[in-house]
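A note on names: the letters A, B, ... follow the listed sequences, proteins ahead of strands, and every chain is numbered from 1.
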Protein chains: 2
Amino acid sequence: MTDHKLGHVAVTIKEVARVAGVSTATVTRALSNPEVVRPTTRERVREVAASLGYHPNRAARGLITGRTGNLGLLVPDLANPFFPSIVKGVQGRAHEADHAVFLADTDEDPAAEAGLVRKLAKQVDGIVLCSPRMAEPELRTLAAEVPTVLVYRRIAGVPSVTAEFLDGMRQAISHLVALGHQRIAYVAGPRRSWANRERVRSLRAVARKSGVELCEMGNVAPQFHGGVSIADRVLATEVTAVIAYNDLVALGLLHRFAARGVAVPDDLSVLGFDDIPLAEMVHPALTTVALPKEEAGQAGVDLLLRLLDSHQEVRRELPTHLMVRGSTGPAR
Amino acid sequence: MTDHKLGHVAVTIKEVARVAGVSTATVTRALSNPEVVRPTTRERVREVAASLGYHPNRAARGLITGRTGNLGLLVPDLANPFFPSIVKGVQGRAHEADHAVFLADTDEDPAAEAGLVRKLAKQVDGIVLCSPRMAEPELRTLAAEVPTVLVYRRIAGVPSVTAEFLDGMRQAISHLVALGHQRIAYVAGPRRSWANRERVRSLRAVARKSGVELCEMGNVAPQFHGGVSIADRVLATEVTAVIAYNDLVALGLLHRFAARGVAVPDDLSVLGFDDIPLAEMVHPALTTVALPKEEAGQAGVDLLLRLLDSHQEVRRELPTHLMVRGSTGPAR
DNA sequence: TTGAAAGCGATACCAG
DNA sequence: CTGGTATCGCTTTCAA
């Protein structure tokens, strides 16, 4: 007999069966298939289970059902406030659906992602994957191995949740044009990032239609320092407004502009993307295109669970909203 | 018949055994107890395992060994940038130790925490718990049920990782005193929060010793809006400097001060606690007492793993550092 | 050094 | 409606 001395011994189904005077089979049924058990038996079992504080061991259950009740969530960098919001969404919805969530932060290292997914794969029913950079073929391979839903990345044949970037960009440009801006800079994010490519694509389309002159720069890291590092180059161009790849980059710009004595929005308008919480905490508050974050996480879980139940392929595209705040104003 | 199906169907130990021409027992040994297997056999098995892409099913293993290789991590609110940093630390160290991490965000609801812990308990070897508010007795009960390490909370009899608040406060006050400040406000965080109580205690001790006049206010929510909401009351007092419960609150103060036209640090100095990444992104950058975050997460995992191996009780206290930045200056 | 077999905790199928 | 039993994938005696 090898019992650890970890104080608390978990109560098993056998114990419940013994105390209730029934077989383990009946205990299972009373708990997960109530209608097939005679009411009096069912109640007795449930009471015993409750009084003993019995909770089925999910690992054991998963062994036979093939369902673990766990989900995996991969994000590139928790330090970007965009992702904690998504995590909150995933986590909240997963718990509502009585699923637990494995979290892995890949530290912006696409190479590590596949490995992490495969390690988690055995312990989860499916994976919510935020991977802006992993190569398409690899992503597709992965999705074939384990049920996967992509968040903020779209690939043919893989369920995904994204946002209407084009519409967001349209709102952003309309706003700037209405303020009289005609020459606008775009500070690009990582070249291989799907989100960046989408934003560039949308931006060019909208710019052409609106007749604005676009000045593209970058690529920079999708972080605060990325914005800081390119701010001076933005100033060197003759633009009246700048759109940053994301809010973090925009904040970096703001920071350096302030240091250089450039007044925002009087001398220059700044517009971000994402609407991370910080966006309204700074001065001037950042005008930005809000992307659904918690909602995206929730939708990701919804899609995944649906996928697990019926193998249907699904895709969802969430709306975006321009949040006009202090960092944009009339063209000088 | 050799069904060669790559990927989709998980390869089991049986399959490896069959291909390698040995028993499953030998496969296990070759993989997790190499020295007891004849070298030639061992190598053959390992090669087959590798070529088949075999990874043991941890749930099944856990069933018999009592070790799942999983850790649980509970945080009160991922929206406070303080916690993602801790999560990164936990997550990184756990992966180094080949453990996966379950994450749960309790949404600042201490009542939900115990339930979440118990739900996770069955699937993990131990739990890293960030719970500034849960009542002590309950916490102690929980810790008796499942191996637990507290992060940023200290309770007799439960392993924990904290920081030297007293020393941090000493540095903060010395800094302000050196700048000529004599009347200082403290904006308190949640009354029941352990961190707040510690900070108040330290602050009073240091203030008395330094002869500074302390003006305590609050309690406010540990968030941006908490700071915003109390800013005007701070202005109504005759202080030259204010220490906020944490950086988020400090940022709220900064925000409202800016709106009121109060110049920081010229009219008023502001000092925060935590050193969240945002602290240096705002203007003026926030002077703050830096708390180890990733390190705390890592230490939490270290303690937990140690605890699991030897049932030793441990405690660790990490150093703090004052980060002097733009939000503090000479007393007016 | 290796294999056969007994479980770990739970569920699912098949009788009764 | 209920009980017995095989089984999930793996580890661990116990013999050989």
Side-chain angles (χ1 to χ4, degrees), chain A residues 1-4 6 8-46 48-49 52-70 98 119-125, chain B residues 8-46 48-49 52-70 98 119 121-125:
Chain A
M1 181 170 259
T2 58
D3 44 3
H4 303 252
L6 281 177
H8 189 79
V9 177
V11 24
T12 76
I13 198 174
K14 263 189 190 156
E15 179 71 0
V16 177
R18 198 178 56 73
V19 176
V22 298
S23 73
T24 62
T26 299
V27 175
T28 309
R29 292 192 205 103
L31 263 28
S32 52
N33 218 358
E35 59 277 12
V36 306
V37 175
R38 189 204 307 158
T40 75
T41 318
R42 184 207 308 156
E43 286 320 309
R44 182 156 38 94
V45 171
R46 306 195 93 153
V48 170
L52 258 42
Y54 170 75
H55 290 284
N57 179 324
R58 305 185 89 159
R61 167 189 288 169
L63 214 45
I64 188 152
T65 61
R67 279 272 216 143
T68 62
N70 297 146
D98 203 34
K119 259 182 67 174
L120 281 185
K122 302 292 220 300
Q123 306 196 71
V124 303
D125 296 334
Chain B
H8 214 73
V9 176
V11 25
T12 76
I13 199 174
K14 262 189 191 155
E15 180 71 359
V16 177
R18 198 177 57 73
V19 176
V22 297
S23 72
T24 62
T26 299
V27 176
T28 312
R29 293 192 203 103
L31 263 28
S32 52
N33 219 359
E35 59 277 11
V36 306
V37 174
R38 190 204 306 156
T40 77
T41 316
R42 184 208 308 157
E43 285 320 310
R44 181 157 37 96
V45 171
R46 305 196 93 152
V48 170
L52 259 40
Y54 169 74
H55 289 285
N57 179 324
R58 309 185 87 158
R61 166 189 286 171
L63 213 46
I64 187 156
T65 62
R67 279 271 215 142
T68 62
N70 297 147
D98 202 34
K119 259 182 66 175
K122 302 290 218 301
Q123 306 197 73
V124 303
D125 296 334

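Looking only at distances, no side-chain donor or acceptor of B/Arg29 sits under 3.5 Å from a matching main-chain atom of B/Val37. The main-chain N or O of A/Ala60 is found under 3.5 Å from a side-chain atom of A/Asn57 such that the two form a donor-acceptor pair. The backbone N or O of A/Glu35 sits nowhere less than 3.5 Å from a side-chain atom of A/Arg42 that would complete a donor-acceptor pair. In this structure, the side chain of B/Thr68 does not engage the main chain of B/Gly62 through any donor-acceptor pair within 3.5 Å.
Scored by the side-chain contact (heavy atoms from CB on, under 4.5 Å) test, B/Arg61 finds B/Pro56, B/Thr65 as partners (sequence neighbours excluded). Every residue meeting the side-chain contact (heavy atoms from CB on, under 4.5 Å) condition with A/Val124, not counting sequence neighbours, appears here in chain and number order: A/Asn70, A/Phe102, A/Ile127. With sequence neighbours excluded, the residues forming a salt bridge (Lys or Arg N to Asp or Glu O under 4.0 Å) with A/Lys119 are B/Asp98, listed by chain and number.
Here the straight-line distance linking atom CG of B/Asp125 with atom CZ of B/Arg67 works out to 5.0 Å at 0.5 Å rounding.
Of the two residues contacting DNA chain C, namely A/Thr65 and A/Lys14, the nearest-nucleotide position lying further toward the 5' end is that of A/Lys14.
Looking at residues 28-44 of chain B, you'll see B/Thr28, B/Arg29 sit with a heavy atom under 4.0 Å from some atom of DNA chain D. Shown for residues 19-27 of chain A: residues whose heavy atoms fall under 4.0 angstrom of DNA chain D, namely A/Val22, A/Ser23, A/Ala25, A/Thr26.
For DNA chain C, the outermost nucleotides in 5' to 3' order that have an atom under 4.0 Å from a heavy atom of chain B are C/dT1 to C/dG9.
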